[in-house]
Amino acid sequence: MNPEAHGLWSARPFPEATQHRLLFPPSPRLWFRSNPVFPMRWTQTLIPTLKEIPADAEIVSHQLLVRAGLVRKLAGGLYTFLPLGLRSLNKVAQIVREEMNRAGAIEVSMPCLQPPEIWQASGRYETMRDALCKVKDRAHKEWILGPTHEEVITTLVAGELNSYKQFPKNFYQIGIKFRDEIRPRFGLMRAKEFIMKDAYSFDTTDAGAMASYQKMYDAYARIFARSGLKAFAVEADTGVIGGNHSHEFMVPAETGENDVVYCEACGYAANIEKAVSGIPKTASREIGAAIETFATPGVVTIEALSKAPYSVPANRQIKTLVFVADSEPVIILIRGDDQLNETKFMAKTGAIAVRPADAKNPADLAYFTALGAMPGSLGAVQNVPAGWKIYADERLQGANDMTTGANQDGFHIKNVSIERDIKVTAWMDVRTVTAGEPCLKCGMALKIRRAIEVGHVFKLGTKYSVPLNATFLDETGQRLPAVMGCYGIGVTRTLQAVIEQSHDKDGIVWPLTVAPYQVCLTPLSVAAGSPPMVLAEQLYAELTAAGIEVLIDDRDERPGVKFKDSELVGFPLRVGIGEKSLAKGEVEMKPRAGAIQAVKVESAAAAVIEWVRTEHARLNAAA
RNA sequence: CGGGACGUGGCUCAGCCUGGUAGAGCGCUUGGUUUGGGACCAAGAUGUCGCAGGUUCAAAUCCUGUCGUCCCGACCA
């Protein structure tokens with residue numbers, strides 16, 4: 001039987017660059033092909049399934065990773081991949097690799113240990129300081145355990161690419177990243193050590209960089225579709241990576257750590273850190289009345305001021321926030337019924353470290369003393385120390401007849417006309433969009449939902465190529481910095497996202513393309529030479545020859561145990577072989593997500609092959 | 001780092017308040033009966049009660065410290 005004829009093989013049987021230094025040997029399929037006589041049996045591998053939910057697993061995908069025997073925790077945020085988990089991980093990685101290759105990217109492998117000097121050169125030694133894992137060697141020299149590799153690849157390119165003729169290039173790798181996560185969480189979702197595919201494109205022009213970006217964007221869509229994931233792209237903030245154009249690929253899930261704002265009418269979608277809406281500015285009212293201070297004893301919340309006897313609606317109040325931005329106190333003004341979006345604030349001001357001033361912190365207390373009031377009575381109309389920057393949300397532009405704190409405890413000021421009465425340093429959009437606001441593009445009501453970020457594409461520009469000297473000579477002999485992009489996929493996170501999105505009450509429901517084995521043969525009698533076992537071994541040989549990945553559950557367990565475990569692990573197809581159905585000349589095919597169907601023994605292999613082929617084609621057609 | 005919860009056989013937990021012989025279920029071992037949806041019977045093995053101090057005649061239990069784990073917030077693939 002010719003595997004290619006069934007369309008089960010990947011684009012090429014021996015993918016290039018499979019010799020990664022840490023992971024991902026050639027596909028097990030290749031091994032089976034040349035060694036078809038050793039069936040993979042349940043009792044010979046390690047699949048430690050659990051009936052009970054592990055105490056330290058909160059979300060269902062984390063529970064199932066552990067219960068199905070895919071991973072075990074070594075310590076917080078550090079996991080060992082067991083045989084089944086590794087197989088699925090390799091499947092995802094291989095899909096990523098194939099699509100990267102298809103998009104013209106070239107695989108490399110960069111060191112995990114990186115010299116701090118290149119991080120100092122890019123400036124990220126400071127800006128990413130808290131996320132960096134550092135180690136020292138015997139000479140007490142410090143090294144960085146790479147959380148990402150922009151500096152390394154840019155250093156490489158600076159040395160190796162010198163002429164416009166050598167561009168464009170896109171290098172990628174699949175490997176372990178280290179981040180000193182503040183709080184590892186949810187199993188593989190947020191780990192100290194995780195596997196990432198990171199790609200870096202280098203172009204000579206901005207237009208070229210956009211084309212490279214688009215190629216990756218398209219490749220990502222294919223990768224997630226082939227992995228059986230429903231993921232979608234949203235506009236995103238660029239954070240400490242830098243750059244000016246970015247999309248995140250999101251998997252909708254209640255357990256996700258991101259809020260996505262989207263419009264069903266026109267397709268607008270953005271991370272809430274970036275999202276904008278068409279909500280109108282604050283309505284103008286009568287102008288002219290002078291500001292007036294009035295007593296508001298004990299009133300320290302927007303809510304309290306909105307009630308009798310004051311009855312100032314939240315949308316006529318100015319909320320005054322004191323933040324510490326890169327060690328400098330700043331005032332941020334937003335409307336009383338809005339919430340500050342710190343990410344937008346950081347992006348708009350370029351600030352690196354931003355936190356609210358805390359009156360309980362002695363160092364911060366001085367800021368409130370300088371203003372003359374504690375939170376709850378703060379304002380920007382009077383008594384703002386010279387040199388303090390006052391940033392105001394655009395929604396307040398032109399607002400008058402507003403009420404705000406007087407910078408005197410127990411007093412507020414009314415009749416505030418913000419442009420007349422407050423020295424605003426800069427106007428910017430720093431409010432957080434809420435569900436139901438009109439879409440900026442089409443006016444329809446925006447919606448918000450939780451999602452898991454599985455991929456991120458950035459257009460970087462020359463942020464790294466300039467400081468690290470990745471330059472080239474163009475046709476006219478002019479030296480120019482390369483225009484870069486970078487593109488990440490959390491491979492381990494993607495794996496868990498698949499489980500989070502594809503499970504039921506009995507366990508995982510693997511998409512065929514990332515299942516640890518495609519078929520689980522389940523003989524109900526396992527004695528050597530017994531008819532079910534003999535048939536299982538025969539089917540194993542036929543299916544394996546057809547390029548299908550098969551596991552025989554040869555455990556001497558009761559049928560219920562074997563059925564439950566196969567559903568917990570989530571093999572796409574189970575073939576039950578028992579004396580009862582054999583008596584009728586049949587076996588049972590049970591797709592994980594479908595109903596049992598009886599199949600004649602003679603046609604069993606062909607039926608399984610056809611089922612797998614169809615399912616495989618369905619997933620790849622989506623890509 | 002701030003707030004909260006929890007550390008007891010491999011796993012899930014009880015016991016702690018009110019100090020005095022360390023328990024259950026699952027899993028594991030042996031034998032038997034079972035055998036198409038997580039079987040049953042019998043007999044077993046498995047714990048320095050996270051660690052270190054302290055109080056006490058006596059500490060899983062009370063006190064202090066410490067380490068670890070999980071949850072909420074800031075960070076990110």
Side-chain angles (χ1 to χ4, degrees), chain A residues 48-59 62-63 66-67 72-78 96 127-132 147-148 174-199 220 231 236-241 248-251 256-258 271 273 342-343 346 352-356 358 360-361 452-458 486-497 506-507 522-527 532 556-568 574 576-583 587-588 590 596:
Chain A
T49 58
L50 259 32
K51 272 197 237 183
E52 299 192 78
I53 297 172
D56 56 6
E58 186 73 9
I59 67 175
H62 183 194
Q63 295 167 355
V66 178
R67 286 190 57 210
R72 284 293 183 266
K73 182 171 73 178
L74 174 65
L78 300 172
V96 170
T127 58
M128 278 191 78
R129 184 212 314 253
D130 294 341
L132 297 177
T148 174
I174 300 173
I176 294 178
K177 297 283 185 275
F178 300 85
R179 293 204 182 150
D180 189 2
E181 285 293 339
I182 301 166
R183 179 153 81 90
R185 190 170 13 185
F186 302 150
L188 305 176
M189 283 294 183
R190 179 178 296 279
K192 276 183 162 56
E193 183 185 309
F194 60 98
I195 294 166
M196 181 160 106
K197 183 285 301 177
D198 46 327
Y220 276 33
D237 177 64
T238 51
V240 290
I241 304 271
E248 287 165 333
F249 284 77
M250 294 287 194
V251 174
E257 300 184 77
N258 300 269
N271 191 308
E273 296 174 340
E342 284 187 39
T343 307
M346 292 169 77
I352 292 159
V354 170
R355 61 178 175 83
D358 178 5
K360 281 176 284 192
N361 174 339
I452 299 163
E453 179 191 356
V454 288
H456 202 157
V457 292
F458 296 86
C486 75
Y487 318 94
I489 288 180
V491 179
T492 37
R493 181 183 284 180
T494 297
L495 180 71
Q496 187 169 344
D506 295 315
T522 308
L524 299 182
S525 157
V526 297
D556 188 12
E557 288 286 354
R558 297 166 64 85
V561 172
K562 300 173 82 153
F563 293 154
K564 285 288 184 190
D565 268 350
S566 79
E567 279 149 21
L568 175 59
R574 180 180 72 219
I577 307 167
E579 305 278 7
K580 279 190 190 172
S581 44
L582 276 188
V587 297
E588 285 172 356
K590 168 71 174 75
I596 290 182

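Quick caveat, the model's predicted, so the values are computed rather than measured. Residue numbering restarts at 1 for every chain, and letters A, B, ... go by the order of the sequence lines.
Shown here, C51(B) forms a base pair with G65(B); the pair counts as Watson-Crick or G-U wobble because both key distances fall under 3.5 Å.
The residue Ser581(A) sits close to a base: some heavy atom pair falls under 4.0 Å. As judged by a 4.0 angstrom heavy-atom cut-off over every strand, Arg72(A) is placed among residues making no nucleic acid contact. Glu248(A) comes within 4.0 angstrom of no nucleic acid atom, judged by non-hydrogen atoms across all strands. Heavy atoms of Val454(A) sit under 4.0 angstrom from primed sugar atoms or phosphate atoms, though from no base atom. As judged by a 4.0 angstrom heavy-atom cut-off over every strand, Glu557(A) is placed among residues making no nucleic acid contact. Heavy atoms of Ala131(A) sit nowhere under 4.0 angstrom from any nucleic acid atom. Among the protein residues, Glu342(A) comes within range of no part of the nucleic acid, since none of its heavy atoms lies under 4.0 Å from any strand. At the heavy-atom level, Asp198(A) lies nowhere under 4.0 Å from the strands shown. The residue Lys73(A) sits close only to the backbone: its heavy atoms come under 4.0 Å of sugar-phosphate atoms, none of a base. Across all strands, Ala353(A) comes closer than 4.0 Å to no nucleic acid atom at all (heavy-atom distances). Gly578(A) comes within 4.0 angstrom of a nucleotide base, judged by non-hydrogen atoms across all strands. Residue Ile53(A) is in sugar-phosphate contact alone, with no base atom involved, counting any heavy-atom pair closer than 4.0 Å across all strands shown. No contact: Arg129(A) has no heavy atom under 4.0 Å from any strand. Phe186(A) comes within 4.0 angstrom of the backbone, heavy atoms only, and of no base.
Closest approach to the Ile182(A) side chain among C75(B), C71(B), U12(B) is made by C75(B) (side chain taken as heavy atoms from C-beta onward). Distances from the side chain of Asn258(A) to the nucleotides U34(B), C76(B), C26(B) place C76(B) closest. Considering only side-chain atoms of Arg179(A), the nucleotide from C72(B), U12(B), C76(B) that sits closest is C76(B).
To the nearest whole angstrom, the two C1' atoms, one in G15(B) and one in C71(B), are 25 Å apart. The same atom, C1', is picked in G9(B) and in G44(B); the two are 14 Å apart, to the nearest Å. For the P atoms, the distance from C13(B) to U55(B) is 35 Å, rounded to whole Å. Comparing G38(B) with G50(B), their C1' atoms sit 32 Å apart, to the nearest whole Å. Between C63(B) and G19(B), the two C1' atoms lie 13 Å apart (nearest whole Å).
Checking the phosphate oxygens (OP1, OP2) of C76(B), no side-chain nitrogen or oxygen of Arg190(A) falls inside 4.0 Å.
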Just the atom pairs and distances: protein N or O near nucleotides 2-8 of chain B's N or O, under 3.5 Å.
none

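Per the stacking criterion (ring centres < 5.5 Å, plane angle < 30°), Phe194(A) stacks onto the base of A77(B).
The pair Glu567(A)-Arg574(A) meets the salt-bridge criterion, with a side-chain N (NZ, NE, NH1 or NH2) lying under 4.0 Å from an Asp/Glu carboxylate O.
Looking at Gln496(A) and His62(A), their side chains come closer than 4.5 Å, going by heavy atoms from C-beta outward.
In terms of heavy atoms, Phe458(A) sits closest to Asp237(A) at CE2-O, 4.3 Å.
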